[in-house]
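Structure first, commentary second.
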2 protein chains.
Amino acid sequence: MATVKESSTNQINKRLVNTRCPVTFIAHRMGNRWKPLVIRELFQGTRRYGELKRAIPAVTEKMLIQTLKELEADGIINRKAMPVVPPHVEYNLTECGKDLEPVITEMVKWSLKYNIQ
Amino acid sequence: MATVKESSTNQINKRLVNTRCPVTFIAHRMGNRWKPLVIRELFQGTRRYGELKRAIPAVTEKMLIQTLKELEADGIINRKAMPVVPPHVEYNLTECGKDLEPVITEMVKWSLKYNIQ
DNA sequence: CAGGATCCCTAATGATACTG
DNA sequence: CAGTATCATTAGGGATCCTG
């Protein structure tokens with residue numbers, strides 16, 4: 001269905017008071033270990049579960065699923081499950097997710113300037 | 001002195017493999033509970049320790065100090081201590097810290113668009 | 001193939017008391 | 001005023017095994 005569910009508090013900083021702070025708001029949505037990697041991967045296009053897993057080898061199944069669930073609940077990605085056997089599930093970015101591009105672009109600029117390695 | 005120290009790995013995601021990912025890089029530097037709030041406050045100008053504490057009432061002394069130390073070690077803020085009694089310490093953004101402004105600007109734009117509350 | 005369910009560990013944060 | 005120090009808590013993440 002991939003309907004955008006009501007704002008899901010994910011597990012980062014649950015008790016954070018400052019939900020109106022934009023930086024905090026966005027940190028809730030892409031500020032953990034795996035979300036940015038998944039989002040970046042989905043910027044390339046639609047991906048299946050297994051493709052994401054292979055693209056991000058270090059992630060465990062538990063964390064990948066958890067990450068995908070949260071991104072879906074936050075309306076950043078869509079999940080499309082085809083009713084076939086074996087299962088076939090696709091993930092892609094919503095408009096909301098695609099709108100993260102300028103944010104990521106600026107992050108990349110800053111990182112390229114200061115990430116000396 | 002406020003010299004920029006060598007890249008300090010802070011405590012977020014210590015074992016993260018992907019240090020070359022820009023999003024990860026920046027998440028290390030402003031991706032915890034208090035850093036964004038401190039940075040945002042310092043965008044307004046120089047602040048004393050006590051002013052920061054009052055501006056962010058929910059932060060504990062321990063976390064505020066820890067946050068400030070890490071931001072300083074990462075070259076994002078400067079710490080200037082005046083040798084007087086009682087102590088007088090000022091914090092402000094470095095050039096590197098100020099360069100976070102476009103990043104924050106884009107975050108704010110996205111948040112204003114999708115933060116429905 | 002695409003997940004769920006459990007158990008476990010440690011990093012991140014908090015509470016409280018103390019100090020130059 | 002601007003911190004330290006110590007102890008306690010919790011949430012994020014990992015390992016492993018299981019299933020429609």
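Here the structure is a predicted model, which means the values were calculated and not measured. First the proteins, then the strands, lettered A, B, ... as listed; each starts at 1.
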Please determine, for the side chain of [X], which listed nucleotide ([options]) has the closest atom?
{"X": "A:P86", "options": "C:dT13, D:dG3, C:dC1", "value": "C:dC1"}
{"X": "B:R79", "options": "C:dG3, D:dT4, D:dA2", "value": "D:dA2"}
{"X": "A:Y49", "options": "D:dT4, C:dG3, C:dG14", "value": "C:dG3"}
{"X": "B:I65", "options": "C:dT13, D:dG3, D:dG13", "value": "D:dG3"}
{"X": "B:R48", "options": "D:dG3, D:dG14, D:dC1", "value": "D:dC1"}

Take the protein atom [atom1] of [X] and the nucleotide atom [atom2] of [N], then report the distance between them rounded to whole Å.
{"X": "A:I56", "N": "D:dG14", "atom1": "CD1", "atom2": "C1'", "answer": "16 Å"}
{"X": "B:E90", "N": "D:dC1", "atom1": "CD", "atom2": "P", "answer": "15 Å"}
{"X": "A:Q66", "N": "D:dA11", "atom1": "CD", "atom2": "C1'", "answer": "10 Å"}
{"X": "A:L52", "N": "C:dC1", "atom1": "CG", "atom2": "P", "answer": "14 Å"}
{"X": "B:E72", "N": "D:dA2", "atom1": "CD", "atom2": "P", "answer": "15 Å"}
{"X": "B:L64", "N": "D:dC1", "atom1": "CG", "atom2": "P", "answer": "14 Å"}
{"X": "A:M63", "N": "D:dA11", "atom1": "CE", "atom2": "C1'", "answer": "11 Å"}
{"X": "A:L68", "N": "C:dA2", "atom1": "CG", "atom2": "P", "answer": "11 Å"}

Where protein sits on nucleotides 15-20 of chain D, one letter per nucleotide: B base, S sugar-phosphate only, - none, heavy atoms under 4.0 Å: B-B--B

Do [X] and [Y] have side chains that approach each other closer than 4.5 Å (heavy atoms only, starting at C-beta)?
{"X": "B:L68", "Y": "B:L52", "answer": "yes"}
{"X": "A:M30", "Y": "B:W110", "answer": "no"}
{"X": "A:Q66", "Y": "A:K69", "answer": "no"}

Expected output: side-chain B:K53 to main-chain B:V59 donor-acceptor under 3.5 Å: yes

N/O (side chain, A:Y91) to phosphate O (OP1/OP2, C:dG3) under 4.0 Å: yes

Carboxylate-amine/guanidinium proximity below 4.0 Å for A:R79 and A:E72: no

Within one Ile-Leu-Val-Met-Phe-Trp-Tyr cluster: A:I76 and B:L112, side-chain cutoff 4.5 Å: yes

Sequence neighbours excluded, every pair satisfying salt bridge (Lys or Arg N to Asp or Glu O under 4.0 Å) that has a member inside residues 88-103 of chain B: A:K113-B:D99, B:E95-B:K98

